[in-house]
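Data block below; observations after.
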Amino acid sequence: MNDDGSPKGTTSVELLDADRESELAAVREALAGLRREIQLRFGAAEVAQADGERSVPANELFSELRRRLSTLGMSERSGEVDEFGMDEIVVRRARPVLELLYERYWRVDLAGAEHLPEKGPCLLVANRSGLLPYDGLMITHAVERLRSQSARPRFFVADWLMTLPFAQPYLARLGGVRACRENAERLLGAGHFVAVFPEGVKGAAKVFRDRYRLQRFGRGGVIRLALETGVPLVPIGIVGAEEAHPVLFKWTPPGRPLPFVPVTPTFPLLGPLGVLPLPTKWMIRIGAPVDLSELGPQAARDELLLSRLTEDLRAEIQALVDAGLHEREGVWS
Amino acid sequence: MGAGVTFGVSAPGVIAVTGLHTFIGSQLTRRLAGRAAGVRVIGLDQRRPIRFAEGARFAKVDLTRPTADGDLAEVLAAERVEAVVHTAFRTDPTPDLELDHELETIGTRHVMNACAAAKVKRLVIASSTELYGPRPDNPNFLTERHPLRGHPHAHAVRDRIEMEAMLADWSSRHPDVEVTVLRHCWIFGPSYWSRVTRYFALPVLAVPLGFDPLMQLVHEDDVVNAFERAVLQSCPGIYNVVGRGVLPVSTLLRLAGKQIWRLPGPVLHRLTYFPSQGQTGDPPDAFYDYLRYLWVADGQRGWEAFGEPVYSTREAWISFVSSRRMRRYR
């Protein structure tokens with residue numbers, strides 16, 4: 001580091017200080033430059049977002065193309081995420097799409113909104129269907145509409161979705177969290193709504209014949225969690241999601257890149273187009289919250305009680321689903 | 001750093017540091033030697049570093065020799081060492097798998113045996129959160145109790161997991177020695193240099209397509225602070241030493257203005273196979289899986305024991321990036 005800023009003829013201590021000062025000034029300058037650059041980059045992203053598609057001069061077409069290619073698969077997003085990777089800007093951009101799906105595509109009919117607690121922590125327990133977590137996204141969106149945008153629930157996704165390319169970054173930014181005990185405890189501790197699907201992969205792997213028949217609820221993890229943390233459980237029945245992807249049969253390919261390949265009327269046949277869900281009529285039924293806090297955390301050690309409570313919860317959600325099925329006129333309306 | 005913090009009567013008088021050629025070892029020796037009277041520092045390594053901390057003594061010990069435990073015990077007993085900081089680990093894995101194993105696993109064994117023989121009171125060992133392993137089924141925050149699953153192809157990680165298992169076994173048989181294990185995540189900062197920082201210093205980076213896990217970094221100063229506290233205070237146990245905050249890899253790279261090539265896994269594997277084998281002795285997924293799956297550690301215990309880190313993940317990264325820029329302009 002040069003010390004040209006310091007006057008001649010100073011003592012060595014002062015020289016040292018001056019040297020240090022100039023060093024610090026250089027650091028500050030570099031940091032300021034970096035901040036300006038960050039501002040420039042993120043500022044530009046904000047403007048592009050506001051303008052939508054802007055016209056690019058022909059001579060900048062190549063660099064623009066290169067910029068787009070280098071950010072392929074990762075559209076604009078903020079420089080900050082929360083500790084589980086949810087990104088405010090991605091959520092903000094996804095909101096109109098989710099709204100469209102909720103209002104127009106699946107025409108979600110919501111009932112039992114009065115049962116939803118005012119604020120978290122709270123476990124929303126629902127039936128699961130389909131390999132892609134549309135049901136989780138719709139529950140999230142429904143709660144967000146009922147409460148506020150800051151109360152956006154996190155939904156749990158199965159492990160294997162985290163190994164699927166492209167799915168993992170997007171799900172994490174939209175509030176998807178890998179389903180496991182440690183994550184649930186941390187999220188509930190922070191006072192979030194958490195949407196869980198205790199059927200797990202068994203639920204996602206249901207074939208069309210078994211639709212709306214709830215599978216075994218894992219190993220009672222949800223009840224154990226509720227007993228240990230004392231948070232209320234809100235049962236939710238979703239009708240319609242199980243027909244959005246009618247799985248005719250399951251095919252287990254050699255090598256197993258996925259747990260199985262669901263064969264639907266459209267899926268392997270039409271390629272990526274077959275991934276699109278069918279526009280069925282959806283119903284979301286929220287049941288009365290179950291409060292297990294009076295049993296106390298020591299009840300979690302009673303295995304028999306645990307399995308009985310789990311079975312009760314499953315029956316409750318099954319009843320909500322059955323009531324929804326009874327109410328609706330048809331699959332499409 | 002460390003001003004205003006009082007170290008109790010448990011502060012050891014004589015401290016030995018192994019691995020003077022590693023970043024942590026050299027910085028820690030300098031810090032401890034610069035501390036006021038009452039602390040004597042002995043540096044241990046195969047050869048004397050060119051720049052060695054003033055006020056510290058040097059003793060030659062080669063941990064890869066079969067008789068290293070005896071040699072080391074002699075030095076420790078002669079100097080009446082009360083605490084040993086073991087940082088003689090490879091910053092980067094080398095293609096010489098056997099020598100790496102000899103140094104990391106067997107070398108630590110020698111250190112442990114010598115500590116037991118010389119009646120050392122405290123042993124601080126450097127480890128890494130890489131040992132948890134990048135796995136799609138990791139929880140978002142790995143606590144110290146989480147099993148070490150590592151990576152099947154990363155031989156350095158495998159050696160260290162073996163080392164930690166050995167250490168746990170040894171420490172249960174020697175309850176009179178306080179053992180502190182510090183698992184730090186990827187270190188970034190102006191002067192730290194490893195294969196990881198070398199990779200991130202490239203102007204164009206190849207990353208796995210379709211994955212963007214959250215990353216957690218720690219600044220070099222915070223790591224040295226944690227080691228300093230760990231040796232001067234009494235805090236037996238295992239701690240994650242990490243910065244606050246997490247950021248996706250792509251956001252880090254964008255903050256630095258890097259160009260990113262997202263390549264599908266198999267293509268990336270084939271392109272980087274030979275350079276990776278040549279440099280680290282491992283196939284490329286031993287590194288790229290750390291950019292594919294989550295391995296973020298929960299630092300709460302470490303923050304409580306060693307104080308709040310000065311730099312967050314984002315600041316550690318920016319300090320690294322800005323120092324690289326200044327180096328270019330110099």
Side-chain angles (χ1 to χ4, degrees), chain A residues 1-2 23 26-35 37-38 40-42 45 66-67 69-87 90 154 157-173 177-187, chain B residues 134-143 145-146 190 204-205 207-216 244-262 264-265 289 292-294 296 298 300 312-315 317-319 321-330:
Chain A
M1 218 18 96
N2 58 350
E23 203 170 313
V27 170
R28 279 199 203 98
E29 202 176 312
L31 271 176
L34 198 73
R35 276 199 203 102
E37 205 171 322
I38 291 166
L40 209 69
R41 276 169 203 283
F42 284 103
R66 209 178 61 170
R67 191 186 69 79
L69 274 179
S70 68
T71 56
L72 186 75
M74 306 287 146
S75 53
E76 308 303 344
R77 65 209 123 73
S78 56
E80 291 286 351
V81 292
D82 83 335
E83 60 174 14
F84 283 89
M86 194 173 91
D87 188 328
V90 174
R154 309 308 171 91
V157 292
D159 297 358
W160 68 268
L161 263 177
M162 287 294 166
T163 62
L164 202 64
F166 302 107
Q168 180 252 344
Y170 277 111
L171 286 176
R173 289 198 186 118
V177 176
R178 191 189 87 87
C180 71
R181 197 187 160 72
E182 293 91 334
N183 287 349
E185 280 169 4
R186 204 176 170 99
L187 283 168
Chain B
R135 302 281 177 131
D137 56 349
N138 273 343
N140 276 49
F141 290 90
L142 296 153
T143 59
R145 289 193 306 276
H146 201 270
V204 180
L205 290 158
V207 296
L209 175 74
F211 292 94
D212 195 13
L214 297 169
M215 292 296 298
Q216 178 185 47
R244 275 199 192 269
V246 286
L247 280 177
V249 177
S250 61
T251 302
L252 289 178
L253 299 182
R254 252 166 60 111
L255 277 174
K258 310 264 184 201
Q259 203 175 333
I260 311 170
W261 287 1
R262 294 175 203 287
D289 273 359
R292 187 173 284 142
Y293 301 125
L294 203 64
V296 172
D298 181 1
Q300 195 56 46
S312 68
T313 292
R314 192 191 177 93
E315 285 158 354
W317 172 255
I318 286 182
S319 127
V321 171
S322 58
S323 77
R324 300 308 305 158
R325 273 173 206 218
M326 283 178 74
R327 207 162 290 183
R328 206 186 304 158
Y329 293 141
R330 196 172 276 173

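Naming convention: chains lettered A, B, ... in sequence-line order (proteins, then strands); numbering from 1 in each chain.
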**Per-residue contact mode, Leu31(A) against chain B (heavy atom under 4.5 angstrom)** =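 The side chain, not the backbone.
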
Which bit of [X] comes within less than 4.5 Å of chain A, counting heavy atoms only: side chain, backbone, both or neither?
X	result
Leu252(B)	neither
Arg292(B)	backbone
Pro213(B)	both
Asp298(B)	side chain

**Message:** Do Arg181(A) and Pro139(B) have side chains that approach each other closer than 4.5 Å (heavy atoms only, starting at C-beta)?
**Reply:**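 Arg181(A) vs Pro139(B): side chains apart.
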
**Prompt:** Under 3.5 Å, is there a donor-acceptor pair between the side chain of Arg186(A) and the main chain of Phe141(B)?
**Reply:**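 No, the answer is negative, given that no donor and acceptor are paired below the 3.5 Å cut-off.
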
Could you measure the distance from the [atom1] atom of [X] to the [atom2] atom of [Y]? Nearest 0.5 Å is fine.
X	Y	atom1	atom2	answer
Leu142(B)	Glu182(A)	CG	CD	8.0 Å
Asp137(B)	Thr163(A)	CG	OG1	9.5 Å
Phe166(A)	Asp212(B)	CZ	CG	11.5 Å

So which heavy atom on [X] is nearest to which on [Y], and how close?
X	Y	value
Asn140(B)	Glu83(A)	ND2-O, 4.4 Å
Val81(A)	Leu214(B)	CG2-CD2, 3.9 Å
Pro248(B)	Arg173(A)	CB-NH2, 4.0 Å

**Message:** Within the supplied structure, the quantity of interest is the number of heavy atoms (other residues, nucleotides, ligands) at a distance under 6.0 Å from Glu29(A) CD; does it exceed 12?
**Reply:**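 Atom CD in Glu29(A) is not crowded, with 12 or fewer foreign heavy atoms closer than 6.0 Å.
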
**Asked** Which residue out of Asp82(A), Asp159(A), Val177(A), Asn183(A) racks up the most heavy-atom pairs below 4.5 Å with chain B?
**Response**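 That would be Asn183(A).
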
